[in-house]
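First up is the structure itself, then whatever we jot down about it.
Since the model is a prediction, treat every value here as computed from it, not as a measurement. Each chain gets a letter, A, B and so on, in the order its sequence line appears, and its residues count up from 1.
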Protein chains: 2
Amino acid sequence: MKTGAARVPTFAGEECDMSTWDAGKCPVRDVMDQIAGKWSTLLLQALADKPYRFGELRRLVPDISQRMLTQTLRDLQRDGYIDRKVFPTKPPSVEYSMTPLGLSLFEPLKRVLDWAEANHASVKAARVKFDESELA
Amino acid sequence: MKTGAARVPTFAGEECDMSTWDAGKCPVRDVMDQIAGKWSTLLLQALADKPYRFGELRRLVPDISQRMLTQTLRDLQRDGYIDRKVFPTKPPSVEYSMTPLGLSLFEPLKRVLDWAEANHASVKAARVKFDESELA
DNA sequence: CCGTATCCCCCCTGATACTG
DNA sequence: CAGTATCAGGGGGGATACGG
């Protein structure tokens, strides 16, 4: 399994030369590389609503594989965005919930998601126009 | 939508059947899949400052390959975020700049990037803590 | 200077089967 | 119910060479 300490994003910790905006390491890539994952934003959005258990999340996002759900939740937990609580019931249940850090991230992130919904038509229109102009 | 299918509140306050969160149908994924590219946010951030030429962007982000710079710029142009202007000088030069649509996207996106910078330390700390607890 | 084209590798992701 | 293990495929991304 590549997730965990051994899995360091390609440019995490490396020098970021865009000193205009960042003198040291590049937080943008280090943070964005994780939340840019295929399922991260969906799960954050779900958990921003309220805590969910593993099986609930699975039903909530039907097209995610069990493997990717486990892995993405683990990565989000590792970065401190979500909490994982195990209830030693029988059978066991595990509840995932947003941490304060995760909620603080979701606040600005939500604005981008809002933008996506509001401007989806413009983006699709731009694509059509671009593709038409490419017909040569 | 199936009866009893899980629904969560969306950013717009509406409810959304997450089973329809399919790229092409879901604005969030359709837009984010592009933004989530390895270099997209960095180039948007660069161009939000001012227009740049191809070679300038290349020097600005030294560790991007020429292939990925071309490809990412093309994708961003296709989605209507940036403009591409060719000057028939000799040798030719090409200038990239943000469109109004791109600027309107960058406004909320910048908040996420700002968050990344402001909370990078917290994220890194969370990773260390998580990795240490995994050694048990 | 600004790309395209080609090759190739690696990692993400999915499918399936198995455990506590 | 909540994971782990293993195998296989596709595509994102890098290196290099070539074209306008």
- Task: Determine, step by step, whether A/Met98 and A/Tyr81 satisfy the side-chain contact (heavy atoms from CB on, under 4.5 Å) criterion, reporting the C-alpha distance in whole Å, the side-chain angles of both residues, the deciding distance to 0.1 Å, and the verdict.
- Result: CA-CA 6 Å; A/Met98 295 286 273; A/Tyr81 301 142; 5.6 Å; no
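For the OP1/OP2 pair of C/dG3 and a distance below 4.0 Å, the side-chain nitrogens and oxygens of B/Tyr96 include at least one atom meeting the criterion. Distances shown here put a side-chain N or O of B/Arg53 below 4.0 Å from the OP1 or OP2 atom of C/dC2.
For B/Glu56 against B/Tyr52, the heavy-atom pair with the smallest separation is OE1-CA, 3.4 Å. Nearest approach of A/Lys85 to A/Ser97, heavy atoms of both residues: NZ-OG, 3.5 Å. The two residues A/Leu101 and B/Asn119 come nearest to each other via the heavy atoms CD1-ND2, 3.9 Å.
A/Arg111 meets the salt bridge (charged side-chain N to carboxylate O under 4.0 Å, His left out) test with no other residue; sequence neighbours excluded. Under the side-chain hydrogen bond (donor to acceptor under 3.5 Å, both in side chains) criterion, B/Arg58 pairs with no residue, sequence neighbours left out. With sequence neighbours excluded, the residues that form a side-chain hydrogen bond (donor to acceptor under 3.5 Å, both in side chains) with B/Arg84 are B/Tyr96.
Atom pair B/Glu56:CD and C/dC1:C1' shows a separation of 12 Å (rounding to whole Å applied). Here the P atom of nucleotide C/dG3 and the CD1 atom of B/Ile64 are 13 Å apart, to the nearest Å. B/Leu60 has its CG atom 17 Å from the C1' atom of C/dC2, to the nearest Å. Put simply, CD on A/Glu95 is 12 Å from P on D/dG3, counting in whole angstrom units. Rounded to an integer number of Å, the gap from B/Leu43 CG to D/dG13 C1' is 14 Å. The interatomic distance linking B/Arg58 (CZ) with D/dG14 (C1') rounds to 12 Å, in whole Å. Computed from coordinates, the A/Leu57 CG to D/dG3 P distance equals 10 Å when rounded to whole Å.
Within residues 65-73 of chain B, the residues approached by DNA chain C to less than 4.0 Å at the level of any non-hydrogen atom are B/Gln66, B/Arg67, B/Thr70, in residue-number order. Residues from residues 82-92 of chain A that place a heavy atom under 4.0 Å from any atom of DNA chain D, listed by number: A/Arg84, A/Pro91, A/Pro92.
Among D/dG13, D/dA2, C/dG3, the nucleotide with an atom closest to any side-chain atom of B/Lys38 is D/dG13.
Annotation: side chain to side chain donor-acceptor pair (under 3.5 Å) contacts involving residues 99-110 of chain B, sequence neighbours excluded, comprise A/Trp115-B/Ser104, B/Lys110-B/Asp114.
In the hydrophobic clustering of this structure, B/Leu76 does not group with A/Phe130; members are Ile, Leu, Val, Met, Phe, Trp, Tyr whose side-chain heavy atoms approach within less than 4.5 Å, directly or through other members.
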